[in-house]
There are 2 protein chains.
Amino acid sequence: MKNSEKKVTIKDVAQLAGVSKGTVDRVIHNRGEVSAESLKRVLDVIDRIGYKPNVYASLLASRKHYRIVCLIPDFESGEFWEIAYKGILKAYEECQDFNVTVDVVRYDQFRVDSFQQACRNTIQEAPDAVLIVPMFSDSAAQFVNELHARQIPFVFIESKLPDTPYLAYFGMPVFESGYLSARLLLKHQCAKEVACFRFHRSGDALSNTASIRQQGFTAYLEQHGEACKLWVDYLYPSVCDENTKILDRFFEKHPDVRHIVVFNSRSYIVAEYLRMRGMGDRVLLGFDPLERNVAAMKAGYIEYIIAQKCETQAYRGVKALCNYFVFKTSPSLKDNYMSMEVLTAENVNYYTDLAIE
Amino acid sequence: MKNSEKKVTIKDVAQLAGVSKGTVDRVIHNRGEVSAESLKRVLDVIDRIGYKPNVYASLLASRKHYRIVCLIPDFESGEFWEIAYKGILKAYEECQDFNVTVDVVRYDQFRVDSFQQACRNTIQEAPDAVLIVPMFSDSAAQFVNELHARQIPFVFIESKLPDTPYLAYFGMPVFESGYLSARLLLKHQCAKEVACFRFHRSGDALSNTASIRQQGFTAYLEQHGEACKLWVDYLYPSVCDENTKILDRFFEKHPDVRHIVVFNSRSYIVAEYLRMRGMGDRVLLGFDPLERNVAAMKAGYIEYIIAQKCETQAYRGVKALCNYFVFKTSPSLKDNYMSMEVLTAENVNYYTDLAIE
DNA sequence: TTTTATATCGTGCACGTGCACGATATAAAA
DNA sequence: TTTTATATCGTGCACGTGCACGATATAAAA
């Protein structure tokens, strides 16, 4: 107990197998040039004494160097995709210790040509691995096929293309998050009518997250036979006068609506309207704890925020690729779903996306 | 970009400062025997070229070995403290790579003499660092003073003794979690009466967590001037006939109670009663996603579970101590509060306490 | 038999650091 | 002046691994 058992080294294996450490090394790395007899003896010894190579000594000696490229949507400060970027940076810090560098290539999430250009650039960089947010499914499918042909491993975050040979996926259960949002809203002071505000999308981006969430929402309504009506209307993705007019008209038409849901990260736009019109009695549910959403929640204009831990998704995605090279391990799960956290004014202060030591 | 800048080594520093690597090493580790002139030159160079020692090469060379002892309550399989134990094990796995071993000493959380004995045993082991769940505040205070006198760093998890020189604390905001529980229950279909079931505690354990949560609960009631009554009764900490009788009497006396809160991890006891009596229409809120609680939630007898991420607390506690030795860093925050996750039947399947890659 | 090709293996250096040990210069004591 | 003590410093080995290179044994070809 006091003096814990010494670590077994490659030298111990060599001695017990009656060969040199060079031969053991050849066995470990499948480098060939080993007789069947030696091979068996070495493998037996490794198995028997449970030899595990010292990763850090290995790292020191090998001088190998890997490069990961991350393909994510561009963003302004405070917007959703900044969160993923932060997770990438944190992972990068840790990767540096392992001779792994991380580069980020950004694309305009509203323009498919921008995405395609980013893909071409990435291929040209000849990376050792790729992390990708596959916003445009057709182009992304083509891109990951190209990667696969070049034997470049890749992981998805946020959404995935199921029929591709991805190493891992880190995301949230989208349908279920919509389902959950219905549950939270409807049981909150017994909702009878719910407004749902969606957003016009310029460009032909995939991003059907909001649509799938709405499916989850209506699925809950159907399954629980609630006598609850759902009114859907469309806004523009920024705080602007058009939105004010749209919302004015909406609430004129539906004066009894007390509950509102927004299926993306821009619920602050509706919250801002509620504040302006003194409609603080409405119950608003949104997604993603952006600073503006959290501020609106603290001010009392958003009741629930569902958080999806995007920073953790990105962090774990990069780390999975790093571990793949350094430790030769694949993630234990191919599909990894983050928890859906329910935030209210009472616990939002303690919310942390990525907490590592 | 392609060939990233080479890492600067101690040899580079030595060359630029016009000394040998031995002298640089003496400067880095404050080992003395360096002239004022050399000291300044070396420090200047380190600062200028931003030299950072290679932790893994250092680890390989130094052969230093540290031992962490964790002092936690004993548990049966499936009980609350098993979660902390799991977190310790996961951290241990990672620590092994750094020549850090972790031992666990358990005590009976209901007996102060057991705790004191565990403290004595720990001191005798002469550990390099200690992680502790300070269930009995007086004895724990004495113990950590002893540790401090011996210059042994220590961290708290779960609860803390504020006026002691702890390295870090990882826990949940207890009062706020009670506050949150009131918010969730009262806004759920407009609660009017709430039952609160506490537990008899044999022994004189500290563990005032439940009491503090109740304070948070009533604070919410007061601040929001709800016309809501709170009835408190006491149970025994296991599924047994006495509890059935107590609960029968309670609900006979309070037939209109539809909402129930339990401030510790044993809400499954009440859920079991509800199932037995066919009282599935009651709305029960409990703490900690033990297997039995989660099962009761999925069966429809628990509406909300507040999770406190105990596994993460323990994991981060151990890692903080490990990093303290290996990287010579203290945690950036002394007090670290975990998020309070709100679990319902709709998101409990995706709950993960500790998710690392 | 001698030469050549091939399969198999061991040796030794390098990675960046920690540290023991001995070397050197200088000052103080004899 | 010679001896001794002290302050300061450099050298070289070790940690465990990866890998290039050369060494050896054996079989095939000449």
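So that the names make sense, note that chain A is the first sequence line, chain B the second, and so on, each numbered from 1.
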* **Pairs satisfying salt bridge (Lys or Arg N to Asp or Glu O under 4.0 Å), at least one member in residues 308-327 of chain B, at least two apart** => A:E357-B:R316, B:K90-B:E311, B:E94-B:K319, B:K309-B:E341

* Name all residues meeting the ring-ring contact (aromatic ring centres under 6.0 Å, His included) criterion together with B:F115; count only those two or more places apart in sequence or in a different chain, and write none if there are none. => B:Y107, B:F136

* What residues form a side-chain contact (heavy atoms from CB on, under 4.5 Å) with A:I123, not counting sequence neighbours? -> A:F143, A:E146, A:L147, A:R150

What side-chain donor-acceptor pairs closer than 3.5 Å can you find for residues 45-57 of chain B, not counting sequence neighbours?
residue: B:N54; atom: OD1; partner: B:Y56; partner atom: N; Å: 2.9
residue: B:N54; atom: OD1; partner: B:A57; partner atom: N; Å: 3.0

* **All ring-ring contact (aromatic ring centres under 6.0 Å, His included) counterparts of B:F327, not counting sequence neighbours** => B:F98

* Asked: What string of B, S and - do you get for nucleotides 16-27 of chain C, 5' to 3', when a contact is any protein heavy atom under 4.0 Å?
  -> BBBB--------

* Structure fact -> Stems of at least 3 consecutive Watson-Crick or G-U wobble pairs (donor-acceptor distances under 3.5 Å) involving DNA chain D, listed by first number, are C:1-30 with D:1-30

* Asked: Between B:N121 and B:E125, does any side-chain donor sit less than 3.5 Å from a side-chain acceptor?
  -> no

* To do: Only counting residues at least two apart or in another chain, list the ones meeting side-chain hydrogen bond (donor to acceptor under 3.5 Å, both in side chains) with A:S35.
  => A:S38

* Could you tell me whether the phosphate oxygens of D:dC9, OP1 or OP2, come under 4.0 Å of any side-chain nitrogen or oxygen in B:S35? => yes

* List for me each residue that meets side-chain contact (heavy atoms from CB on, under 4.5 Å) alongside B:K160, sequence neighbours excluded, and say none if there are none. => B:F156, B:Y166, B:Y169, B:D335, B:Y337

